[in-house]
Amino acid sequence: MENKFYITTPIYYASGKPHIGHAFTTIYADILARYHKSLGKEVFFSVGMDEHGAKIAEKAKEENKSPQEFVDEISKSYIDTWSALNIEYSDFIRTTSQKHKETVNEFIKKIYASGDIYEGIYEGLYCVGCEKFLTEKELENGACPDHLTVPQKIKEKNYFFNLKKYLPEIERRIRNKELGIRPESRKNEILNIIDSGISDFSITREKKKVGWGIPFPYDDSQIIYVWADALVNYLSPKDFWPADLHVIGADINKFHAIFWPGLLLSARLPLPKNIFVHGLFTINGQKISKTVGNIIDPLDMIEKFGVDATRYLLLSQFPASEHGDIKETGFEVKYNADLANGIGNLFERVFTMIREYKIHLEARLLSRSLASKLEITDKNFKNYMDNFQLFEALREVLLFAKKLDGYITEIQPWVLAKNNDPKLEEVLNYLFSGIEKIIEWLKPFMPEKTKIAKDYAQKIKSGDYPKEKLGLFPRK
Ligand code: MSP
């Protein structure tokens, strides 16, 4: 398929309800999916749930539920949240589905046939919260730094994947950009891990320790390790593979940029084209955690700010290339500054003037210098979007809106109107074109608000002035 764009989010653990961390990645991917649709591509956007593993089995037990009952409930809460956030996904993949289990089986058989699976004994420290093995070096005061729990000492029979065999090829593909890892800092992180040596990893766990998983077809005592199970979800839309972009958080970079390519090479399948790795954020300076009590439910944000503003507020906090901090009190300030007093107010001002001064908006040619101002922003915007830099793209739009505001203050259209200056027509035509562009740029970020604004602008253009004000972003 020539003109396709296949984009994925991680499939989240069905161990608890979604919070704004999960929402962040999913909105991020949704915006890119919508942007690529607007470019006329055939987009496939997959999301889903990682429903196996020891952590989930433990949680289900705590709640006296069967694991399946438990994951059904959690998955439903994700589906509801994505729908509330206006996430336009093509498929919601669940690892407990029959189709996924078959895909995993087929995949494991390919790797087995390549001779890359061998039996061994794993001895190490396992953090159930992370669903991964940790090294002594990674611990802080003997505990997992993310979950603050002491990892379990594990000694068990596992089957291993011969990752070492593929490391030189993975490195080569990353260096020659056949496998793009962005931003650069995340790519270097991966190259450093490869350089400093990485061992083969288990692709099974003992069934008696982790009952909840897909059986390993070559040994009854084993189930497939949750990561080898989960990554394969990306192959589900067969015709679309390879993915054009995996959007993930920095916590799972190694799994996507080393383990996954290794498994794919062994299965003789093409590698994803790009991985975009965003930073993780803390809330009020602390890791998002139930114990700290700083979890923000995206549904609460939607209730307060509406869907589109929630999407905007999460995306505009910090460049995704870095780790960031989100202050809960900062949302309202930003809402008022950027949306109510920024974009919303600019639109209202311009529309009101057009109506008051009865400006005709028929396809008027802009002066060269005004047209080039629009073109420059358009170029920068597209460049950022094509490089998955959504924060930067948004910043560019906001800056342009500020410039339009500044232009109004400087040129004072009301003075031109008073003096019957013919320049008034051109000025307002320029401002109107600017607003039309802003609407177009913001469309993937705020699909509903931009639709309302576009319809309103359309009416103004046709001379049919709406009675009501636009009132796009009421002040909070
Ligand atoms: N199930 C695995 C992923 C398997 S993909 C084949 C997993 N699940 S998770 O539920 O722990 O989700 C981790 C992801 O959630 C992060 O990579 C990121 O996309 C998102 N986030 C979770 N917390 C976050 C922050 N605090 N900040 C930003 N994103 C966060 O790992």
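Order of listing sets the numbers, starting from 1, for every ligand and every atom in it.
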Practice task
Using a strict cut-off of 4.0 Å, indicate which atoms of ligand 1 neighbour a heavy atom of Asp50.
Solution key: 1 (N), 2 (C), 4 (C)
Practice task
Do me a favour and list the nearest non-hydrogen protein atom to atom 27 (N) of ligand 1 with residue, atom name and distance?
Solution key: Phe281 N, 3.0 Å
Problem - ligand 1 N/O within reach of Gly249 N/O, cut-off under 3.5 Å - result: yes
Problem - Under 3.5 Å donor-acceptor, Glu63 side chain and Lys59 backbone - result: no
Handout entry: Lys402 atom NZ, neighbour heavy-atom count above 12 within 6.0 Å
Key = no
Problem - Minimum heavy-atom distance between Tyr6 and Ser46, given as atom pair plus value - result: OH-OG, 3.5 Å
Exercise for the section: Answer yes or no: does atom CD of Glu303 have more than 12 heavy-atom neighbours from other residues, nucleotides or ligands under 6.0 Å? Expected result: no
Handout entry: Trp260 near ligand 1 by a heavy-atom separation under 4.0 Å
Key = no
Exercise for the section: Please report which non-hydrogen protein atom sits nearest to atom 8 (N) of ligand 1, along with the residue it belongs to and the distance in Å to one decimal place. Expected result: Tyr13 CD1, 3.3 Å
Practice task
Say whether, by atom type as modelled, one donor and one acceptor occur between the side chain of Tyr35 and the main chain of Phe388 under 3.5 angstrom.
Solution key: no
Problem - Short side-chain donor-acceptor distance under 3.5 Å, Gln286 and Asn294 - result: no
Practice task
Tell me, please: is Glu131 in heavy-atom contact with ligand 1, that is, under 4.0 Å?
Solution key: no
Handout entry: Proximity flag Lys287 to ligand 1, non-hydrogen atoms under 4.0 Å
Key = no
Completion exercise
For Asp251, the ligand 1 atoms with a heavy-atom partner under 4.0 Å come out as 13 (C), 16 (C), 17 (O)
Exercise for the section: Provide, to 0.1 Å, the distance between atom 6 (C) of ligand 1 and the closest protein heavy atom, together with that atom's residue and name. Expected result: Tyr234 OH, 3.6 Å
Practice task
Determine, stepwise, if the pair Glu106 / Thr103 fulfils side chain to side chain donor-acceptor pair (under 3.5 Å).
Solution key: CA-CA 5 Å; Glu106 238 175 76; Thr103 317; 5.8 Å; no
Practice task
Would you please indicate if the ring centroids of Tyr312 and Phe445 are separated by under 6.0 Å?
Solution key: no
Practice task
Measure from the side-chain N and O atoms of Lys476 to the backbone N and O of Lys304, and report whether any donor-acceptor pair falls under 3.5 Å.
Solution key: yes
Exercise for the section: Could you tell me the residue and atom name of the protein heavy atom closest to atom 24 (C) of ligand 1, and the distance to it rounded to 0.1 Å? Expected result: Gly21 CA, 3.6 Å
Problem - Contact (N/O only, under 3.5 Å) between Ala230 and ligand 1 - result: no
Practice task
Return yes when Phe255 approaches ligand 1 closer than 4.0 angstrom through a heavy atom, no otherwise.
Solution key: no
Completion exercise
Counting from 1 in the order shown, the ligand 1 atoms closer than 4.0 Å to a non-hydrogen atom of Ile288 are 26 (N)
Practice task
List the atom of Val232, the atom of His100, and the distance in Å for their closest heavy-atom pair.
Solution key: C-CE1, 4.2 Å
Problem - Residue selection (non-hydrogen contact nearest atom 4 (C) of ligand 1) among Thr26, Ile11, Asp229 - result: Ile11
Practice task
Just jot down the ligand 1 atoms closer than 4.0 angstrom to any heavy atom of Thr25, in number order.
Solution key: 18 (C), 19 (O), 20 (C)
Problem - Those atoms of ligand 1 less than 4.0 Å from some heavy atom in His19 - result: 22 (C), 23 (N)
Exercise for the section: Could you list the atoms of ligand 1 found under 4.0 angstrom from a heavy atom of His278? Expected result: 19 (O), 28 (C), 29 (N)
Exercise for the section: Looking only at protein heavy atoms, identify the closest one to atom 31 (O) of ligand 1 and say how far it is in Å. Expected result: Ile252 CG2, 3.5 Å
Exercise for the section: Compute both the distance and the angle, then confirm whether Lys449 meets the cation-pi test with Phe473: under 6.0 Å from the six-membered ring centre, within 45 degrees of the axis. Expected result: yes
Exercise for the section: Would you check whether Tyr12 has a nitrogen or oxygen atom less than 3.5 angstrom from a nitrogen or oxygen atom of ligand 1? Expected result: no
Exercise for the section: Under 4.0 Å from a heavy atom of Pro10: give me the atoms of ligand 1 that qualify, with their elements. Expected result: 5 (S), 19 (O)
Handout entry: Residues Asp30, Arg34: salt bridge by 4.0 Å N-O rule
Key = yes
Completion exercise
Contact region, Leu280 to ligand 1, non-hydrogen atoms below 4.0 Å, reads both
Exercise for the section: Can you establish whether the number of heavy atoms outside Asn141 located under 6.0 Å from its atom CG is more than 12? Expected result: no
Practice task
Please identify which atoms of ligand 1 are closer than 4.0 Å to at least one heavy atom of His256.
Solution key: 5 (S), 6 (C)
